[in-house]
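Here is the structure we will look at, set down as C-alpha cells.
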Amino acid sequence: MDQRFLKDDNQHQNEDYASIRGVEDNHLGIYDKPLPCFGCGIGWFFLLLGFVCPLLWYYATILYFGKYYHKDPRERMGLSANVIAVSAPLMLIYFWCH
C-alpha cells in the first residue's frame, strides 16, 4: 500500500471528525420500501392475474396511461408489460382482419 495514504491516516487519527450520518439516522429512502403485491409491484401482479381475469390487463393499462408510475418509477415496467399484453392481440386481430 502507498505510504502516503498511511501517513495521512496516522496524522488524522487524533483529530475529531463529525460524522455525516450517525448510527441512529436510519432513514429509509423512497425506493427502499418493498413494492406492493408481495414485492413484485402492481403491474407484474396484474399481468400474472390477467391470465385468469383479462380485465386486470385493461385496468393496469389505464393505470399506465394515467401516469400511476410517477408515484414509484419501479412500477413502469410491469404496467408497460400489461399495455403490451393488451395491445399485441388487438393489433394482430386488426391486421388479420384487414
Check: E75 side chain, G41 main-chain N or O, donor-acceptor pair, under 3.5 Å: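 Here the side-chain-to-backbone pair does not exist.
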
Atom pair CZ (F46) and SG (C40), whose distance is rounded to the nearest 0.5 Å: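 Reported to 0.5 Å precision, the distance equals 10.5 Å.
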
Spacing of CG belonging to L48 relative to CG belonging to L56, to within rounding of 0.5 Å: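 Reported value, rounded in 0.5 Å steps: 11.0 Å.
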
Decide whether [X] and [Y] are clustered together by the hydrophobic rule: side chain heavy atoms of Ile, Leu, Val, Met, Phe, Trp, Tyr closer than 4.5 Å, transitively.
X: L79; Y: F38; answer: yes
X: L49; Y: Y59; answer: yes
X: L63; Y: F65; answer: yes

Shortest non-hydrogen contact from W44 toward A81: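 Of all heavy-atom pairs spanning W44 and A81, the closest is CZ3-CB, 3.7 Å.
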
For the student: nearest non-hydrogen atoms of L47 and A85, plus distance: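 L47 and A85 have their closest heavy atoms at CD1-CB, 3.9 Å.
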
Chi angles and distances behind the side-chain contact (heavy atoms from CB on, under 4.5 Å) call for N82, Y64: CA-CA 9 Å; N82 286 289; Y64 179 78; over 6 Å; no

Intermediate values then yes/no, side-chain contact (heavy atoms from CB on, under 4.5 Å), Y69 and M77: CA-CA 9 Å; Y69 55 83; M77 293 302 294; over 6 Å; no

Check: F51 ring centroid to W57 ring centroid under 6.0 Å: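 Close enough - the centres of the two rings lie under 6.0 Å apart.
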
Minimum side-chain heavy-atom gap I42-Y68 below 4.5 Å: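 Contact flag for I42/Y68 side chains = yes.
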
